[in-house]
Structures are given as structure tokens and as C-alpha cells.
Amino acid sequence: MAESVKLQFEVLYRAGTKNFPDQAADLAAALEGISGVHQQWYEPTIRAGSPAALAQALEINRTVYGLLRRAVLSFQDAASAVVLITKDFQASDAEAREAMHALGIKASDIQTPPMAQPPTFDEATS
């Protein structure tokens, strides 16, 4: 049983403090590229009289940005939730505390890392 608890604790800890925040950061980096492309397309689209294909491309760009931003926020929320579960797990279960100590993790280590909230589309493109 202790080995099972140790594995679960390690998976929770890693997911909340590393995996989910890393996924959020990767997607947030993609957002920067999407907002940059929008800025590059916007002025030529207006100067060209907003042809339907270019106007639709701008709208698709906005939609993709919004969906990716939502995914970033979801990964950040998941990281926070898993960290809270991990804290509760080690605080309320002796085997989990032992597993934590066996892994060399201090209770103060169980923190959600800082994660910047991505800007909204309008903030990113202004």
C-alpha cells in the first residue's frame, strides 16, 4: 500500500508543480505568435478593403487565440487544483506524508508555481 501511495503522491505532485504548468506555458507561448500574426494581417486586410477570405482569416485567428487561451487557463486551474489535492493528501494521510518524505519533498515545496494569466485577445493585439 505504501508504494501505491508514494506513486500517487509523486504523480500528483509532479502534475501540479511541473506538468500542467509546463503545458500552460507552452500554449501561452503559442498565443504570442498568434497575436503577432493577427497584427501583421490586420492592416493589409483593411487596406485591401477587407476581402472576405482575409476577414475570415482574421476571425479564425481570433477564435484560435480564444480557444488556446481557454486551454492555458484550464491547465493553470488544473495545476492549482492538483496542488491543493496533494496538500490535502499529505496533510490527512500518514502514508502520504511518509511517501512525501521518502521522495525528499517538504510540505513547503507543495506550491503551485507562479503562472501568468495570458492576455485577452484585445489586450494582446492592442
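The analysis underlying the following values was restricted to heavy atoms, covering all of them including side chains, and did not include hydrogens, waters or symmetry mates.
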Distance-only donor-acceptor hits, side chain of residues 13-22, under 3.5 Å, sequence neighbours excluded:
{"from": "T17", "atom 1": "OG1", "to": "Y13", "atom 2": "O", "distance (Å)": "2.6"}
{"from": "K18", "atom 1": "NZ", "to": "D22", "atom 2": "OD2", "distance (Å)": "2.5"}

Donor-acceptor contacts, no H, no angles, side chain residues 26-36, under 3.5 Å, sequence neighbours left out:
{"from": "S35", "atom 1": "OG", "to": "L31", "atom 2": "O", "distance (Å)": "3.4"}
{"from": "S35", "atom 1": "OG", "to": "E32", "atom 2": "O", "distance (Å)": "3.0"}

Can you list, pair by pair, the side-chain donor-acceptor contacts under 3.5 Å of residues 63-70, counting residues two or more places apart and other chains?
{"from": "T63", "atom 1": "OG1", "to": "E59", "atom 2": "O", "distance (Å)": "3.0"}
{"from": "Y65", "atom 1": "OH", "to": "P119", "atom 2": "O", "distance (Å)": "2.8"}
{"from": "R69", "atom 1": "NE", "to": "P118", "atom 2": "O", "distance (Å)": "3.0"}
{"from": "R69", "atom 1": "NE", "to": "P119", "atom 2": "O", "distance (Å)": "3.0"}
{"from": "R69", "atom 1": "NH2", "to": "P118", "atom 2": "O", "distance (Å)": "3.0"}

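Screening residues 71-83 for salt bridge (charged side-chain N to carboxylate O under 4.0 Å, His left out) gives no qualifying pairs among residues at least two apart or on separate chains. A ring pair (Phe, Tyr, Trp, His ring centres under 6.0 Å) check over residues 34-58, counting only residues at least two apart or in different chains, returns the pairs H38-F121. Within the structure, salt bridge (charged side-chain N to carboxylate O under 4.0 Å, His left out) pairs that include any residue of residues 106-121 do not occur (at least two apart or interchain).
In this structure, the separation between CG on L84 and OG1 on T112 is 6.0 Å, given to the nearest 0.5 Å. Between atom CD1 of residue I105 and atom CD of residue Q90 there is a gap of 10.0 Å, rounded to the nearest 0.5 Å.
Smallest separation of non-hydrogen atoms from A24 and Q76: CB-CG, 3.8 Å. Taking every heavy atom of both residues into account, M115 and A79 meet most closely at CE-CB, 3.9 Å. In plain terms, the two heavy atoms of E95 and D93 that are nearest each other are N-OD1, 2.9 Å.
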Query raised in the report: Does the side chain to side chain contact (heavy atoms under 4.5 Å, CB included) test come out yes or no for L103 and E98, once each step is laid out?
Result: CA-CA 9 Å; L103 292 167; E98 289 173 23; over 6 Å; no
Report task. Start with the C-alpha distance between M100 and I110, add both sets of side-chain angles, then the distance that settles side chain to side chain contact (heavy atoms under 4.5 Å, CB included), and finish with yes or no. Result -> CA-CA 10 Å; M100 180 186 76; I110 306 172; 3.7 Å; yes
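E43 pairs by the salt bridge (Lys or Arg N to Asp or Glu O under 4.0 Å) definition with R47, not counting sequence neighbours.
In the hydrophobic clustering of this structure, I46 groups with L58; members are Ile, Leu, Val, Met, Phe, Trp, Tyr whose side-chain heavy atoms approach within less than 4.5 Å, directly or through other members.
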